Engineer: 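Quick one: the structure is below, questions incoming.
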Amino acid sequence: MAATRRSAPFYMTATTQFGLEEVLAEELYQLGATIEKVGQRAIEFSGDTQLLYEACLWCRTAMRILKPFAGFYARDEKALYREVGRIDWSKYIRQDQTFAITAVVNKSTFEHSLFVAQLTKDAIVDQFRNRTGSRPSVDVKNPDIRLHLHMIENEVILSLDASGESLHKRGYRQQTNVAPLNEALAAGLLLLTGWDGKKTLIDPMCGSGTLLTEAAMIAQHIAPGLYHQGKFGFENWPDFDSALWESVQLDARQMRIEEPQAYIAGSDLSREYIELARQNVAAADLEDFIRLGVRDVKEAKAPAKEEPGIVIMNPPYGERIGEEAQMDALYKTIGDTLKSGFQGYDAYVFTGNLEAAKRIGLKTSRRIPLYNGPIDCRLLKYELYQGTRKVSKPE
């Protein structure tokens with residue numbers, strides 16, 4: 001990628017969702033990162049400024065990229081205020097900029113993360129006021145500088161947030177009146193399947209099209225950060241290298257492949273959802289790579305002229321009371337469709353309703369634990385053999 005000035009390597013942390021840690025670690029490794037530690041929902045890695053910019057631009061499963069810059073032990077409130085006050089904040093925030101602090105507190109004598117954030121904010125603004133007579137303002141919605149404070153057992157790490165808006169917010173969604181998968185999770189599901197961006201990919205319950213959009217971005221080698229709305233956080237840092245950033249973006253734009261790389265298609269029973277999917281696909285400038293149609297899942301089948309690939313779906317979970325029978329029937333229909341319409345494919349069903357999933361009536365070859373928001377989910381893999389292999393009995 002961009003072959004410009006190289007800075008000295010430094011430590012960074014990338015956050016993600018539970019279950020996507022190894023996928024994100026691989027993404028970072030492919031960008032040239034040195035992986036230091038794979039933790040829960042976070043990867044610690046090292047690299048230079050160029051890697052930081054590329055991680056924000058290219059990582060499909062990251063939520064945030066953080067750059068730690070200070071660490072200390074804070075026994076109590078006085079110690080926290082004192083240690084924060086010892087940092088020279090003029091290195092990180094100008095007094096004409098706005099800032100916000102996100103605090104995460106675990107296993108600590110401090111009980112409330114909001115209190116920790118407030119105390120940290122007080123120490124910062126007091127330092128500015130004492131030194132200059134003026135202070136930067138707090139803007140929790142759209143700050144110039146986002147600070148991240150992580151406290152575990154009273155050990156504090158302060159980081160700059162390079163991302164700005166969370167990286168999963170790609171910017172191609174036109175409406176939010178449906179509850180789709182978030183984009184990082186959708187990309188993570190696709191990467192967990194091992195899909196190579198070349199084989200056929202079908203989503204017969206595509207909703208507003210997030211899985212399909214992320215699939216087309218993978219197939220066409222499009223950096224998700226090119227859709228990012230507004231500035232990235234690092235663009236407001238004092239050491240921002242605009243020439244390097246321009247170079248990294250130019251490289252990313254040139255890596256987009258214009259010739260379709262895979263047959264990608266989706267359908268849904270709801271005409272409204274398909275219209276919404278069309279709008280999202282158009283906003284992402286991907287109309288040439290995704291086929292959409294209105295179709296009941298029971299009528300879905302593999303395209304006749306394409307080699308078998310993967311079929312993937314995120315059906316409803318049926319969270320309302322009294323929906324059990326309806327969900328059982330739907331999941332049985334999904335199983336029937338997979339058996340009759342997609343022989344030779346690998347099928348993946350992402351669901352938070354494991355009881356209803358038993359009605360699919362196929363034996364799983366993988367069960368990957370994940371979360372969709374607060375909902376405990378599984379990505380279930382079914383190998384749909386062609387010919388003489390018998391379908392297994394329900395689990």
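When a residue number appears, it is its place in the shown sequence, counting from 1. Keep in mind that what you see is a predicted model, and the values were worked out from it rather than measured.
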Engineer: In terms of side-chain geometry, is the basic nitrogen of Asp336 or Arg359 positioned less than 4.0 Å from the acidic oxygen of its partner?
Structural biologist: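 No.
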
Engineer: According to side chain to side chain donor-acceptor pair (under 3.5 Å), who are the partners of Glu36, at least two apart in sequence or on a separate chain?
Structural biologist: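 Side chain to side chain donor-acceptor pair (under 3.5 Å) check on Glu36 returns Ser46.
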
Engineer: Between Ile65 and Leu52, is there a side-chain heavy-atom distance shorter than 4.5 Å?
Structural biologist: yes

Engineer: Just jot down the side chain to side chain donor-acceptor pair (under 3.5 Å) partners of Gln229, sequence neighbours excluded, or say none.
Structural biologist: none

Engineer: Salt bridge check: are Lys78 and Asp76 linked by an N-O gap of less than 4.0 Å?
Structural biologist: no

Engineer: By the definition side-chain hydrogen bond (donor to acceptor under 3.5 Å, both in side chains), identify the one residue from Asp144, Asn142, Asn236 that meets it with Thr98.
Structural biologist: Asp144

Engineer: Under 6.0 Å from the OH atom of Tyr29, do we count more than 12 heavy atoms belonging to anything else shown?
Structural biologist: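 12 or below, so no.
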
Engineer: Just jot down the ring-ring contact (aromatic ring centres under 6.0 Å, His included) partners of Tyr263, sequence neighbours excluded, or say none.
Structural biologist: none

Engineer: Just jot down the side-chain contact (heavy atoms from CB on, under 4.5 Å) partners of Glu83, sequence neighbours excluded, or say none.
Structural biologist: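 Counting only residues at least two positions away or on another chain, Glu83 forms a side-chain contact (heavy atoms from CB on, under 4.5 Å) with Phe72, Arg86.
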
Engineer: Any side-chain donor paired with an acceptor under 3.5 Å for Ser134 and Gln95?
Structural biologist: yes

Engineer: Which residues satisfy the side-chain contact (heavy atoms from CB on, under 4.5 Å) test with Glu111, sequence neighbours excluded?
Structural biologist: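 side-chain contact (heavy atoms from CB on, under 4.5 Å) check on Glu111 returns nothing, list empty.
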
Engineer: To the nearest 0.5 Å, how far apart are CG in Leu28 and OG1 in Thr61?
Structural biologist: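 Separation between the atoms: 7.5 Å.
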
Engineer: With Tyr348, which residues qualify under ring-ring contact (aromatic ring centres under 6.0 Å, His included), at least two apart?
Structural biologist: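 Partners of Tyr348 under the ring-ring contact (aromatic ring centres under 6.0 Å, His included) test: none.
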
Engineer: Test of understanding: clusters of I, L, V, M, F, W, Y form through side-chain heavy atoms closer than 4.5 Å, transitively. Do Leu380 and Phe18 belong to the same one?
Structural biologist: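 Different hydrophobic clusters.
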
Engineer: Using ring-ring contact (aromatic ring centres under 6.0 Å, His included) as the criterion, list what pairs up with His228, not counting sequence neighbours.
Structural biologist: Phe232

Engineer: Sequence neighbours excluded, which residues qualify as side-chain contact (heavy atoms from CB on, under 4.5 Å) partners of Ala123?
Structural biologist: Tyr81, Val84

Engineer: When you compare the side chains of Gln17 and Asn372, does any donor N or O come within less than 3.5 Å of an acceptor on the partner?
Structural biologist: no

Engineer: Following the transitive rule for hydrophobic clusters with a side-chain heavy-atom cut-off under 4.5 Å over Ile, Leu, Val, Met, Phe, Trp and Tyr, establish whether Ile87 and Ile157 coincide in one cluster.
Structural biologist: no

Engineer: I need the Cys56 SG to Asp161 CG distance, nearest 0.5 Å.
Structural biologist: 8.0 Å

Engineer: List for me each residue that meets side-chain contact (heavy atoms from CB on, under 4.5 Å) alongside Val294, sequence neighbours excluded, and say none if there are none.
Structural biologist: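 Result, side-chain contact (heavy atoms from CB on, under 4.5 Å) vs Val294: Arg271, Ile274.
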
Engineer: Residues two or more places apart in sequence or in another chain: which of them pass ring-ring contact (aromatic ring centres under 6.0 Å, His included) with Phe69?
Structural biologist: Trp89, Tyr92

Engineer: Mind checking whether Leu31 and Leu250 sit in one hydrophobic cluster, side chains of I, L, V, M, F, W, Y counted as touching below 4.5 Å?
Structural biologist: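 No, because Leu31 and Leu250 fall into different hydrophobic clusters, even though each may have its own neighbours under 4.5 Å.
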
Engineer: Which atom pair, heavy atoms only, marks the closest approach of Phe240 to Phe234?
Structural biologist: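 Heavy atoms only, the tightest pair is CB-O, 3.5 Å.
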
Engineer: So, are Lys91 and Asp88 salt-bridged, with charged N and O less than 4.0 Å apart?
Structural biologist: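 Salt bridge between Lys91 and Asp88, a charged N being under 4.0 Å from a carboxylate O: no.
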
Engineer: Evaluate the ring planes of Trp58 and His221, with Trp represented by its six-membered ring, and classify them as parallel (under 30°), tilted (30 to 60°) or perpendicular (over 60°).
Structural biologist: tilted

Engineer: So, are Glu287 and Arg278 salt-bridged, with charged N and O less than 4.0 Å apart?
Structural biologist: no

Engineer: Please determine if Arg295 and Glu299 form a salt bridge, counting it only when a charged side-chain N lies under 4.0 Å from a carboxylate O.
Structural biologist: no

Engineer: If you round to the nearest 0.5 Å, how far is CD1 of Ile310 from NZ of Lys381?
Structural biologist: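 Going from NZ on Lys381 over to CD1 on Ile310, the span is 9.5 Å.
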
Engineer: To the nearest 0.5 Å, what is the distance between OG1 (Thr351) and CG (Leu370)?
Structural biologist: 12.0 Å

Engineer: Not counting sequence neighbours, which residues clear side chain to side chain donor-acceptor pair (under 3.5 Å) with Tyr172? List them please.
Structural biologist: Glu214

Engineer: Thinking salt bridges, do Arg256 and Asp285 make one under a 4.0 Å N-O criterion?
Structural biologist: yes

Engineer: Quick one: side chain to side chain donor-acceptor pair (under 3.5 Å) partners of Glu355, sequence neighbours excluded?
Structural biologist: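 Listed in chain order: Lys358.
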
Engineer: Can a side-chain donor-acceptor contact be found between Glu383 and Tyr385 if the only test is distance below 3.5 angstrom?
Structural biologist: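 Present: a donor and an acceptor within the cut-off.
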
Engineer: CD1/Ile101 to CD/Gln118 distance, rounded to the nearest 0.5 angstrom?
Structural biologist: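 Separation between the atoms: 8.5 Å.
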
